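Just follow the structure's listing: the first ligand is 1, and inside any ligand the first atom is 1. Quick caveat, the model's predicted, so the values are computed rather than measured. By convention here, the first residue in the shown sequence is residue 1.
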Amino acid sequence: MDLYDKFARIAREREQFQTSGLNPFGTCFDEIYSATEGRIGDRKIILAGTNNYLGLSFNAQAIADGQAALAAQGTGTTGSRMANGSYGSHLALEQELSAFFDRPTAIVFSTGYTANLGVISTLADPGAVVLIDADCHASIYDACALGGAQIIRFRHNDAHDLERRMVRLGERAQSAIIIVEGIYSMLGDVAPLAEIVDIKRRLGGFLLIDEAHSFGVMGATGRGLAEALGVEQDVDIVLGTFSKSLASIGGFAVGPKAMEVLRYSSRPYIFTASPSPSSIASVRASLKIIAQHPELREKLWRSAHRLYQGLAQLGYKLGPRISPVVPVMIGSKEDGLRFWRDLIAQGVYVNLVLPPAAPADITLLRCSVNAAHSEEQIDTIIQAFAALKN
Ligand code: PMP
């Protein structure tokens, strides 16, 4: 029995995908020119499969601040904040996030994955019960498993199903932890947060929302879905990442003063190295840009409408609502792979998402727009899809 025998099936499946042409699970960008353009092999391509929603990965200020921090403070912190100490910039960013969300406490983590792991695994201990949307991100599932709580999944975006399961919990509902996301990363749909908040008001519980894909994208000031729906008061903790609209790496949680205790009790906070000074400096610059430039969000949504409508007119089956994430449903895995490669040949890169990564056993091409895309680039993406329509 070999250590890797248990992976035989998945290895065979992946090999099939690799026998001809580009490997969708190991794409290498030979160059990245901007937030919207790169090169794969000898082909210049439009990047339409990122999470760089506000297109800030090449923002001049974010780059300059990152470079300055690199020169002034070095390449990395080389340790965790608890053991090795925080840098002033970690604390400054926490204050800025706390002010941006108007909440008493913000904690910075090394990635968005670690933010979810750090907050959820600590709160969702073996005595807790957690209700999670079935389509929640892997980091939320992993966090619940690490914490050891009782996990109850409710049907994706089905508030009635959540309510039914809460009612069944009886008195325990009052201390249950409900976890949902803002925009869901694969279908671009959003949690029915107003209904969920209504359930929480009636039955109790705590509400955590992962705004990874909605931070910077939704809400009057970019705070996410809870802001857009006017229910921020009912959300106990907001979780997020620096790797999408903030175009860097790291994660955060904002919540009540009591959340400070996580700094002494959360293993994924304590036992990993803190984010590097250059990442933190770029995030601080990008956070200011998000606060000062709402027009980026407006441009993003104009592009989202343009792409969604263009693809809908071509007759493609898309996600349930217009969003910066535009999923195109494709029949089989094989069709998906062929389509994905043909799009690259047309100069457009999108994400190929196969089950189980895509919900409900579907294969989809996940397109995403960002605020740096020009109208011409959006039209080029649409034309590439038009050329492949048979
Ligand atoms: N939450 C959600 C909803 C995500 O989609 C992701 C990443 N795709 C994460 C958390 C993890 O974020 P990070 O990549 O910063 O670790």
| Between Asp65 and Lys288, is a salt bridge (Lys or Arg N to Asp or Glu O under 4.0 Å) present by the stated rule, with each step listed? | CA-CA 12 Å; Asp65 288 2; Lys288 275 201 200 89; 5.7 Å; no
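On a distance-only criterion, Ser185 and ligand 1 share no N/O pair closer than 3.5 Å.
Taking a cut-off of under 4.0 Å to the non-hydrogen atoms of His213, the atoms of ligand 1 that pass are 3 (C), 4 (C), 5 (O). Within ligand 1, counting atoms from 1 as listed, the ones closer than 4.0 Å to a heavy atom of Thr111 are 16 (O). Ligand 1 places these atoms under 4.0 Å from at least one heavy atom of Ser243: 13 (P), 14 (O), 15 (O).
For atom 6 (C) of ligand 1, the closest non-hydrogen atom on the protein side is His137 NE2, 3.4 Å. Closest protein heavy atom to atom 7 (C) of ligand 1: Lys244 NZ, 2.9 Å.
Which of Thr241, Ile140, Asp210 comes nearest to atom 2 (C) of ligand 1 through a heavy atom is settled by distance: it is Asp210.
Among the candidates Arg284, Arg103, Arg81, the single residue satisfying the salt bridge (charged side-chain N to carboxylate O under 4.0 Å, His left out) test with Glu94 is Arg81.
Asp102 CG: 12 or fewer foreign heavy atoms inside a 6.0 Å radius.
Ser89 and Gln73 make their closest contact through OG-OE1, 3.9 Å (heavy atoms, listed as atom of the first residue, atom of the second, distance).
Under 4.0 Å from ligand 1, the heavy atoms of Asn116 that appear belong solely to its side chain.
Atoms OG1 and OH, on Thr241 and Tyr113 in that order, are 13.5 Å from each other to the nearest 0.5 Å.
Using a 4.0 Å cut-off between charged side-chain N and carboxylate O, Asp198 and Arg201 make no salt bridge.
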